[in-house]
Protein chains: 2
Amino acid sequence: MPATPKKTNPSMLDVAHHAGVSIATVSNVINRPEKVAEATAERVRAAIAELGFVRNDAARLLATGTTSSIGMVLADLDNSLYVDMAHGAQQGADGVGLRLVLGNAACDMRRQDDYLHLFDEARVAGVLLSPMEDSLDGIERMRSHGRPIVLLNYEQAGVECCTVLVDNEQVGYVAARHLIETGCTRLAFVAARDEYQPVRARRAGVRRAVAEAQGVSLETIDADGLRFEGGQAVAHALAGRTGRPLPDGVVAVTDDLGNGIADGLHTALVAEVPGDIAVVGCEDNRSARSGPVALTTVELRGAKMGEAAAALLLEELNTPAGEHRHRTVTVRPALVERASTAQARLGV
Amino acid sequence: MPATPKKTNPSMLDVAHHAGVSIATVSNVINRPEKVAEATAERVRAAIAELGFVRNDAARLLATGTTSSIGMVLADLDNSLYVDMAHGAQQGADGVGLRLVLGNAACDMRRQDDYLHLFDEARVAGVLLSPMEDSLDGIERMRSHGRPIVLLNYEQAGVECCTVLVDNEQVGYVAARHLIETGCTRLAFVAARDEYQPVRARRAGVRRAVAEAQGVSLETIDADGLRFEGGQAVAHALAGRTGRPLPDGVVAVTDDLGNGIADGLHTALVAEVPGDIAVVGCEDNRSARSGPVALTTVELRGAKMGEAAAALLLEELNTPAGEHRHRTVTVRPALVERASTAQARLGV
DNA sequence: GACTCTGGTTTAAGCGCTTAATTCTCCGCT
DNA sequence: AGCGGAGAATTAAGCGCTTAAACCAGAGTC
């Protein structure tokens with residue numbers, strides 16, 4: 001039986017032979033076409049097409065020390081916020097000739113580190129990271145290799161790199177303010193006990209809004225996790241409450257949580273949203289749009305963040321080493337009004 | 001002003017000098033530790049740690065011709081089906097030492113090709129692809145370079161490679177059968193006119209179920225697109241219908257479409273779901289779980305598909321060239337009952 | 001004491017590309 | 001005829017790693 005010829009990527013040398021020129025000419029056709037005579041170039045291009053030649057980027061990277069690929073590590077693709085960031089980053093990268101590859105950490109710190117390591121090994125031009133928690137060492141490693149890294153949606157004490165933030169304090173403030181303006185006076189802030197930095201900031205914003213207002217009370221409710229089920233559980237706890245009056249306005253620290261609360265309240269027959277209790281979520285996830293009741297929420301503008309991050313990265317890449325000054329871009333969150341707070345507005 | 005020392009990745013040679021050994025020994029410490037004396041290895045490891053050395057994967061790839069990275073091109077990360085596939089693939093890859101990087105085509109054929117090209121340039125070990133439409137050339141290029149590629153959720157006439165399919169005919173069948181079993185007799189199949197292959201298959205399945213049943217009618221309704229808004233539009237068209245009776249059971253070819261129909265029917269006050277009309281979606285997107293009414297749907301099992309794809313890829317990678325026989329794994333879809341068909345079951 | 005092992009280490013030849021430096025041609029000028 | 005150039009193509013030196021082959025003690029053997 002005849003040995004199947006092992007298929008493999010043709011090399012530049014193959015192309016060169018095929019076109020009857022030297023390997024350098026092939027390279028020139030690809031990288032500096034103006035240096036080669038049109039007739040020759042044409043012959044080379046034909047050879048490339050005929051052989052199906054695709055440049056070996058590893059070799060190119062090795063020779064030049066640069067590549068146009070950048071890596072992005074996302075905390076959790078199940079959360080549409082990060083998908084939005086990916087979109088924005090791709091948008092931003094596309095325009096300037098950078099190529100974006102993604103890694104999904106899937107809420108796993110180890111995986112996040114794995115991807116950072118992978119991208120470092122691959123010598124990507126730069127990295128976009130939406131970190132899950134303090135990830136100093138991974139970030140430091142990148143930076144110590146002179147590889148730009150920009151952080152999304154996380155303030156990292158003690159690390160200096162370009163960062164894109166959403167003003168999470170403002171997120172909480174906008175949410176609470178909206179409830180207060182629609183007439184709520186007994187607010188509740190629902191979050192997981194887990195001290196995740198954006199949660200803290202949003203809590204602070206809610207506090208500020210309440211403090212500014214007259215005669216508005218605030219209670220903090222701990223949920224179990226940040227997902228739908230956690231919200232349902234909170235609603236059921238609320239259903240069983242005696243003594244203290246129920247809140248009339250809830251700021252849920254995530255949309256999922258908000259949806260869960262709305263659902264739980266409804267099925268437990270304690271209260272209707274927004275009739276009895278208004279609910280505001282945070283982040284404007286896909287799920288907010290299509291929940292049991294369309295959720296008013298404060299959008300983080302993931303796409304904008306991703307785009308800004310790509311822009312910052314490009315800026316750093318284009319600045320001569322040493323002259324770069326790190327910047328922080330802060331994206332302003334925006335209220336998105338939907339049904340879950342509509343009644344209150346009409347009512348009062 | 002003193003020139004800032006240009007930070008860069010330390011090389012193996014740096015490590016070798018630092019540890020007072022040759023570069024080959026460093027390589028051996030990393031790749032075949034059993035070949036080097038423990039004392040030396042220890043010294044080298046210390047040097048690696050001290051310098052923060054990270055292997056240059058491009059150089060390694062160039063030298064060995066192989067890498068453990070595989071690429072996955074996803075049609076649309078906004079669709080949770082593909083996120084599920086990514087999860088499954090990662091799961092599958094993780095266990096066997098393959099490293100998965102993602103590219104989001106975002107429904108853009110050009111971008112899908114770009115990613116295939118990128119991965120080909122990067123000389124990844126293999127590719128996982130959920131193609132959007134006929135993408136013969138991109139696939140052929142991969143294959144002609146001897147790079148394994150496995151297709152997800154798409155039957156590609158004329159291309160032979162390993163494939164993971166969901167039985168889309170069965171999807172339609174299961175959906176329609178469920179409606180019929182709950183007592184519906186006037187079915188409607190709602191899909192975009194656009195001839196997307198899975199749509200055709202699901203339509204065929206629906207037809208088969210109807211043909212098998214007694215006294216059940218079927219109409220086909222064309223929607224504008226496969227998203228929520230398309231469904232709303234269909235509902236409004238239905239609302240204005242005269243002469244012909246409304247269907248009592250709807251198979252929507254996607255969950256978004258199903259949600260849109262349920263929403264449109266409700267707001268137009270024509271009918272309630274599931275009270276008057278039962279609705280079944282397809283795919284089991286995240287949106288199905290948290291729509292205006294929880295949608296009964298037929299799940300495609302994206303995670304299972306991703307995992308199977310990774311397994312097929314590994315199989316091909318481990319088979320000596322030429323001996324590999326392409327296989328197709330078919331995942332059986334499964335009905336997920338939720339509220340949107342509950343009433344019908346109780347009613348009839 | 002010459003001889004073979006053998007475990008440990010180094011040497012050196014690539015892998016496929018880029019690019020500075022070089023060589024080669026062919027022209028136009030004097 | 002001879003010379004300087006411009007333009008086009010080639011040569012060759014790496015980039016950072018892997019790995020087969022060569023080398024080099026020091027320990028057994030007879």
Side-chain angles (χ1 to χ4, degrees), chain A residues 6 8-45 47-48 51-69 118 120-125 145-147, chain B residues 6 8-45 47-48 51-69 118 120-125 145-147:
Chain A
K6 177 108 186 75
T8 180
N9 292 69
S11 75
M12 261 193 183
L13 196 58
D14 297 330
V15 175
H17 287 155
H18 203 82
V21 296
S22 83
I23 184 177
T25 297
V26 177
S27 177
N28 280 335
V29 168
I30 294 175
N31 301 307
R32 299 114 101 199
E34 75 282 2
K35 311 218 84 171
V36 13
E38 184 47 31
T40 321
E42 196 44 62
R43 222 153 16 106
V44 171
R45 273 187 236 111
I48 288 178
L51 297 180
F53 167 77
V54 173
R55 175 161 63 353
N56 183 331
D57 200 48
R60 177 193 152 85
L61 169 53
L62 193 54
T64 63
T66 60
T67 174
S68 61
S69 297
L118 174 84
D120 203 11
E121 277 195 359
R123 303 293 191 263
V124 295
H145 291 346
R147 183 157 293 109
Chain B
K6 177 110 185 79
T8 182
N9 292 69
S11 75
M12 261 194 184
L13 196 57
D14 297 329
V15 174
H17 287 157
H18 203 81
V21 298
S22 83
I23 184 176
T25 299
V26 177
S27 177
N28 280 335
V29 169
I30 293 175
N31 301 307
R32 299 113 103 202
E34 75 283 1
K35 310 218 86 172
V36 14
E38 184 48 29
T40 320
E42 197 44 61
R43 223 154 16 106
V44 171
R45 273 186 237 110
I48 288 178
L51 297 181
F53 168 79
V54 173
R55 174 158 69 349
N56 183 331
D57 199 51
R60 177 193 151 86
L61 167 54
L62 193 54
T64 63
T66 61
T67 173
S68 61
S69 298
L118 176 92
D120 202 10
E121 277 194 359
R123 302 295 192 261
V124 295
H145 292 166
R147 183 158 294 111

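Throughout, a chain's letter reflects where its sequence line sits, starting with A, and its residues are numbered from 1.
Atom CD1 of A:Ile48 sits about 9.0 Å away from atom CG of A:Leu51, to the nearest 0.5 Å. Here the CD1-CG distance, from B:Ile23 to B:Asn28, works out to 11.0 Å after rounding to the nearest 0.5 Å.
B:Ser27 comes within 4.0 angstrom of a nucleotide base, judged by non-hydrogen atoms across all strands. In this structure, A:Asn31 reaches the sugar-phosphate backbone alone: every heavy-atom distance under 4.0 Å involves primed, P, OP1 or OP2 atoms, never a base.
Judged as a side chain to side chain donor-acceptor pair (under 3.5 Å), and not counting sequence neighbours, B:Arg43 has no contacts. In this structure B:Thr40 satisfies the side chain to side chain donor-acceptor pair (under 3.5 Å) test with no other residue, sequence neighbours excluded. B:Glu38 pairs by the salt bridge (Lys or Arg N to Asp or Glu O under 4.0 Å) definition with B:Arg45, not counting sequence neighbours. B:Ala125 meets the side-chain contact (heavy atoms from CB on, under 4.5 Å) test with B:Ile70, B:Leu317; sequence neighbours excluded. Considering only residues two or more places apart in sequence or on other chains, A:His145 meets the side chain to side chain donor-acceptor pair (under 3.5 Å) condition with A:Asp120.
Taken residue by residue, residues 51-63 of chain B places heavy atoms nearer than 4.0 Å to DNA chain C at B:Leu62, B:Ala63.
Direction change of the helix axis from one end of the helix from C:dG1-D:dC30 to C:dT30-D:dA1 to the other is 60°, with five pairs defining each end axis (rounded to 10°).
Interface limits on DNA chain C: the 5'-most and 3'-most nucleotides within less than 4.0 Å of chain B heavy atoms are C:dG8 to C:dG16.
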All N/O donor-acceptor pairs, side-chain side in residues 60-69 of chain B, below 3.5 Å, sequence neighbours left out:
unit_1	atom_1	unit_2	atom_2	d
B:Thr64	OG1	B:Arg60	O	2.9
B:Thr64	OG1	B:Thr66	N	3.1
B:Thr64	OG1	B:Thr66	O	3.1
B:Thr67	OG1	B:Ser69	N	3.3
B:Ser68	OG	B:Arg99	NE	3.4

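In this structure, the side chain of B:Arg55 does not engage the main chain of A:Glu121 through any donor-acceptor pair within 3.5 Å.
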Restricting both atoms to N or O, compile the protein contacts to nucleotides 7-11 of chain D shorter than 3.5 Å, with distance only.
unit_1	atom_1	unit_2	atom_2	d
D:dA9	OP1	A:Thr40	OG1	2.2
D:dA9	OP2	A:Ala37	N	3.0
D:dT10	OP1	A:Ser22	N	3.4
D:dT10	OP2	A:Ser22	N	2.7
D:dT10	OP2	A:Ser22	OG	2.9
D:dT10	OP2	A:Thr25	OG1	2.7

